[in-house]
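Written out below as structure tokens is the structure these notes cover.
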Amino acid sequence: MTLPPHLSVKDRHLWIGGCDAVELAFKYGTPLYVTDEDRIRANFHGYKKALSSRYQSIRILYAAKANGNPAILKILAEEGAGADVFSSGELIIALQAGMKPEYLLFNGSSKTEADHRLAVEKGVRVSLDSIDELMQLDRIAGEAGKIVEVSFRVNPAIDVPTHPKIATGLATSKFGIPAATITEAYAQALVCKNVVPVGIHCHIGSQILSVEPFAKEAQVLMEVVAELHKMGVKFKFVDLGGGLGVCYEHYGGPAPAFDAYADAVMPEIISTFTRLGISPEIWIEPGRSMVCDSTILLTKVNSVKQAHKTFVNVDAGFNTLIRPAMYDSYHEVMVANRAGEDQAETYTITGPICETGDILAHDRKLPAVQAGDLIALLDAGAYGYSMASQYNGRGRCAEVLVKGDRSALMRRAETLDDLLAAVVTPPWL
């Protein structure tokens, strides 16, 4: 197995950054998400360098849904990132983390009136998903006596090689306005009194491991930009949406490099900008590829059971990491306190949840496992804690940030009091 540079094996223990994973589990308990700060910063700079070497005006908006821990948003804010936010909660967290309002884009196909009012109040740009939403926002902005800058999300009708539940640019997707009819939306926005169209937004999906779909997206998007430019739209930004996928299987080939992504999308964009005589910022919204490999999930072995196969029962289930149950997703598995030992047997890693589908990893070759061992699931930084639940009355686990040989909580584990904090007993009970 090929490990990324921030993970290593020393004296049969897995290390993350300059910290022993076994010691972290002992100190903070399990299950436990552990994130390497330096790896997040390195991923940010990888995107920034690849894109800004080809075009000067680049803005990276982190997809906050991937991992919304405020410490992570603060790290990225320090690097100059903005965020793609999908709720009022994500918007407020991003602002509190130090991100500038003009570096945020409020995305989503079903925003509430309260969402729109918050965006207007905070001076955040809005990505509109329908003409109906345009009219609502124009009214709300007018009531507040403010002008709101917006984009529309265009649906490019591009089929991409990813799980259908995370393919967002299909013709059948709930997101965006079809490219063939997007000009009507901009025509209506241009005559609104309280809304000004200044950008265009697109997103074709997550976990895409080929650059060709991004090149196709850029081509479709630039065709739309050219049409809208003729109509009089003054572009301040063009948002390409999500970034690259990641290779969860470390025995396979690597994911496309940042430079390969830039080589795929930038020529078409720069050519169109030059032809039109415009120079808007280029925005991208990487989430998974920004934080995924920065984080491991540590989980303790409760027992080992021999049945029709050998099950390793651990204290993290799909309440902690739902991706394997929801998407049949693959995560590399290591025995963190026996790293580097010979693989002795095939095991299936199962959680404590009362569901047959509570399986984190099927049929993995590992060193001999016994109760008390520590299992590490790699590449758990994206859509891990952010999709965790309290199912079966289990509190969500702690999150720890490491930087070099330092570690600190960035979220404590939930207690029973936390589970019951919002409960109200009806007066007749």
Identify whether the distance between the nearest side-chain nitrogen and carboxylate oxygen of Glu149 and Lys236 falls below 4.0 Å.
yes
Partners passing side-chain contact (heavy atoms from CB on, under 4.5 Å) against Ile92 (at least two apart in sequence or in another chain)
Gln96, Leu118, Lys122
Flag if over 12 foreign heavy atoms under 6.0 Å of NZ, Lys300
no
Look at the side chain of Glu90 and the backbone N and O of Phe86, then say whether any donor-acceptor pair between them is shorter than 3.5 Å.
yes
Gln390 versus Glu414, side-chain donor and acceptor atoms under 3.5 Å
yes
Would you say the side-chain atoms of Thr320 and Tyr385 include a donor-acceptor pair closer than 3.5 Å?
no
Salt bridge or not for Glu121 and Arg117, using N-O below 4.0 Å?
no
Taking the side chain as every heavy atom from C-beta outward, state whether Leu321 and Leu377 have any pair of such atoms under 4.5 Å apart.
yes
Flag yes if more than 12 heavy atoms outside Lys309 fall under 6.0 Å of its NZ atom; otherwise flag no.
yes
Is it true that Phe311 and Tyr347 have ring centroids separated by less than 6.0 Å?
no
Could you check whether Arg288 makes a cation-pi contact with Tyr383, meaning its NZ or CZ is under 6.0 Å from the centre of the six-membered ring and within 45° of the ring axis?
no
Does a donor on one side chain sit under 3.5 Å from an acceptor on the other, for Asp115 and Ser88?
yes
Rounded to the nearest 0.5 Å, how far apart are OH of Tyr55 and CD of Glu281?
8.5 Å
Residues Asp418, Arg396: salt bridge by 4.0 Å N-O rule
no
Run the ring-ring contact (aromatic ring centres under 6.0 Å, His included) check on Tyr248 and Tyr330 step by step: do they pass?
CA-CA 6 Å; Tyr248 286 95; Tyr330 182 99; 8.3 Å; no
In terms of heavy-atom contacts, does NZ of Lys403 have more than 12 from other residues, nucleotides or ligands at under 6.0 Å?
yes
Tell me the closest heavy-atom pair linking Leu105 and Glu285, and the distance in Å.
CD2-OE2, 3.9 Å
Could you tell me whether Arg41 and Asp36 make a salt bridge, using a distance below 4.0 angstrom between a side-chain N and a carboxylate O?
no
Give a yes or no on whether Asp363 atom CG has more than 12 heavy-atom contacts from other residues, nucleotides or ligands under 6.0 Å away.
yes
One thing to verify: whether Glu102 and Arg125 come together as a salt bridge, which I'm taking to mean a side-chain N less than 4.0 angstrom from a carboxylate O.
no
Applying side chain to side chain donor-acceptor pair (under 3.5 Å), run through His201 and Ser127 and close with a yes or a no.
CA-CA 7 Å; His201 179 211; Ser127 174; 2.8 Å; yes
Is there a donor in the side chain of Asn319 and an acceptor in the side chain of Asp358, or the other way round, less than 3.5 Å apart?
no
Side chains of His116 and Glu133: any donor to acceptor distance under 3.5 Å?
yes
Sole candidate of Asp239, Val265, Ile60, Ile58 that passes side chain to side chain contact (heavy atoms under 4.5 Å, CB included) when paired with Ile282
Ile58
Has His250 got a side-chain atom pairing as donor or acceptor with Thr2's backbone, closer than 3.5 angstrom?
yes
Would one find more than 12 heavy atoms of other residues, nucleotides or ligands at under 6.0 Å from atom CD of Glu345?
yes
Could you give the distance from CG (Asn313) to CD1 (Ile375), rounded to the nearest 0.5 Å?
11.0 Å
Does any pair with a residue in residues 366-389 pass salt bridge (charged side-chain N to carboxylate O under 4.0 Å, His left out), and if so which ones, sequence neighbours excluded?
Arg338-Asp373
Test log, rule side chain to side chain donor-acceptor pair (under 3.5 Å), inputs Ser386 and Asn67
CA-CA 5 Å; Ser386 66; Asn67 189 327; over 6 Å; no
Between Asp129 and Asn107, is a side chain to side chain donor-acceptor pair (under 3.5 Å) present by the stated rule, with each step listed?
CA-CA 8 Å; Asp129 204 75; Asn107 192 9; over 6 Å; no
Assess whether salt bridge (Lys or Arg N to Asp or Glu O under 4.0 Å) is satisfied between Glu212 and Lys216, documenting all intermediate values.
CA-CA 6 Å; Glu212 284 75 17; Lys216 178 62 176 176; over 6 Å; no
Tell me yes or no: between the side chains of Arg323 and Ser329, is some donor less than 3.5 Å from an acceptor?
yes
Any salt bridge linking Glu79 with Lys74? Criterion: basic side-chain nitrogen under 4.0 Å from a carboxylate oxygen.
no
Using a strict threshold of under 4.0 Å (side-chain N to carboxylate O), is an ion pair present between Asp259 and Lys49?
no
